Amino acid sequence: MGQLHNTENMINDIIHLQSSRSLINTLTGIEQNMALYESGIQEIRTKLEILQRDARFSDHHNPIESIKSRIKRPMSIIEKMCRKGFPLSVQSMRDNLNDIAGIRVICPFIEDIYTVADMLISQDDLTLITQKDYIKNPKPNGYRSYHLVLEVPVFLSSGKEPVRVEVQLRTIAMDFWASLEHQIHYKSSHDVPNDVVAELKECAEIIAQTDERMQMLSKQIRCISDNEDAVLKK
């Protein structure tokens, strides 16, 4: 059966393994921590928006097309901890899960992804936890993206709390493919046939080649523009 059916079975298993009171207490604790993760997203999103605004009002190419964010739902968090074999507690959630708070940065070109990643990593109040380059090393299904897990300090009335936020950086084309692949593969109530999986991977290769070509075209146009500006300044 498909992903949705497997998730439903997993949730039913959780309910049988945990007493109702224990599960409610865990869910309540998780929900109370969601505001902390929202604050973590806000901190990093503000940094990205400043970089975006700075590029917009300068002579530099803007490396950020758009910024999206999301928080995992409490039951999705419970399901993942159970699937991974982690203890079901708030502390376990904070220790073991890095993708509760997520930001997706959409960039025009591949080189922009590395520019934005370097900008974030270089900020002295952010701590790099993990870094995965699925552009140079795509997943077997063809998925391409650049993942960072960053720890950001959130200042509360009770003191400073470190919060982990996953940042995914993609081109417009990578995001298009990943969104459709998710719709096809994970929203299906049945297993996806092998020929469809192969077709999806082929589409990912075509999109990657298109990304490379568009980046080359952009560099050519910028080079022509720079040369024209140099001539006008003489």
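Keep in mind it's a predicted model, so treat the numbers as computed, not measured.
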Any heavy-atom pair between the side chains of [Y] and [X] that's under 4.5 Å?
X      : Y      : answer
Ser179 : Trp177 : no
Leu200 : Asn141 : no
Asp118 : Val116 : no
Thr26  : Val90  : no
Thr171 : Gln215 : no
Leu97  : Lys80  : yes
Glu166 : Leu148 : no
Leu120 : Leu48  : yes

Membership question, hydrophobic clusters at under 4.5 Å side-chain separation (ILVMFWY): are [Y] and [X] in the same one?
X      : Y      : result
Ile172 : Ile113 : no
Ile50  : Val167 : no
Val149 : Met93  : no

Tell me whether the count of non-hydrogen atoms from other residues, nucleotides or ligands lying under 6.0 Å of [atom1] in [X] goes above 12.
X      : atom1 : answer
Met119 : CE    : yes
Arg70  : CZ    : yes
Asn194 : CG    : no
Lys139 : NZ    : yes
Phe86  : CZ    : yes

Would [X] and [Y] pass as an ion pair if we require N to O under 4.0 Å?
X      : Y      : result
Glu79  : Arg83  : yes
Arg164 : Asp99  : no
Arg170 : Asp211 : no
Glu161 : Arg94  : yes

How long is the span from the [atom1] atom in [X] to the [atom2] atom in [Y], to the nearest 0.5 Å?
X      : Y      : atom1 : atom2 : value
Leu156 : Leu36  : CG    : CG    : 6.0 Å
Ser145 : Gln168 : OG    : CD    : 5.0 Å
Leu169 : Ile106 : CG    : CD1   : 8.5 Å
Ser76  : Ile100 : OG    : CD1   : 11.0 Å
Ser89  : Ile30  : OG    : CD1   : 8.5 Å
Ile129 : Thr127 : CD1   : OG1   : 6.0 Å

Run Lys68 and Ile103 through side chain to side chain contact (heavy atoms under 4.5 Å, CB included) and show every step you take. CA-CA 6 Å; Lys68 306 174 184 176; Ile103 295 178; over 6 Å; no

For the student: nearest non-hydrogen atoms of [X] and [Y], plus distance:
X      : Y      : result
Val154 : Ser39  : CG1-CB, 3.7 Å
Pro63  : Asp112 : O-CB, 3.5 Å
Leu27  : Pro74  : CD2-CB, 3.7 Å
Ala101 : Ile41  : CB-CG1, 3.6 Å

- Does the pair Val105 and Cys107 meet the rule for a side chain to side chain contact (heavy atoms under 4.5 Å, CB included), with working shown? CA-CA 6 Å; Val105 183; Cys107 301; 4.1 Å; yes

Given Glu38, Arg45, Gln42, the one that forms side-chain hydrogen bond (donor to acceptor under 3.5 Å, both in side chains) with Ser69: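 Passing option: Arg45.
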
Which residues pass the ring-ring contact (aromatic ring centres under 6.0 Å, His included) test with Tyr114, not counting sequence neighbours?
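Result, ring-ring contact (aromatic ring centres under 6.0 Å, His included) vs Tyr114: Tyr146.
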
* To do: With sequence neighbours left out, write down each residue that passes ring-ring contact (aromatic ring centres under 6.0 Å, His included) with Tyr37, or none if nothing qualifies.
  =>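 ring-ring contact (aromatic ring centres under 6.0 Å, His included) list for Tyr37, sorted by chain: empty.
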
Exercise for review: List the steps and the verdict of side chain to side chain contact (heavy atoms under 4.5 Å, CB included) for Ile67 and Gln52.
Suggested key: CA-CA 10 Å; Ile67 305 165; Gln52 190 179 34; 3.9 Å; yes

Does Met214 offer a backbone N or O that forms a donor-acceptor pair with the side chain of Ser218 under 3.5 Å?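 Checking the backbone N and O of Met214 against the side chain of Ser218, no donor-acceptor pair under 3.5 Å is found.
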
| query | Among side-chain atoms of His147 and Asp133, is any donor-acceptor pair under 3.5 angstrom? | reply |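 No pair is found: no donor N or O on one side chain lies under 3.5 Å from an acceptor on the other.
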
Practice prompt. Determine, step by step, whether Lys47 and Glu43 satisfy the salt bridge (charged side-chain N to carboxylate O under 4.0 Å, His left out) criterion, reporting the C-alpha distance in whole Å, the side-chain angles of both residues, the deciding distance to 0.1 Å, and the verdict.
Written response: CA-CA 7 Å; Lys47 291 175 180 295; Glu43 291 283 347; 5.9 Å; no

task: Show your reasoning for whether side chain to side chain contact (heavy atoms under 4.5 Å, CB included) applies to Asn96 and Lys84.
output: CA-CA 9 Å; Asn96 296 305; Lys84 295 285 187 180; over 6 Å; no

Per-pair distances, 0.1 Å, donor-acceptor, side chain in residues 202-209, under 3.5 Å, sequence neighbours excluded:
from: Glu205; atom 1: OE1; to: Arg144; atom 2: NH2; distance (Å): 3.4
from: Glu205; atom 1: OE2; to: Arg144; atom 2: NH2; distance (Å): 3.4

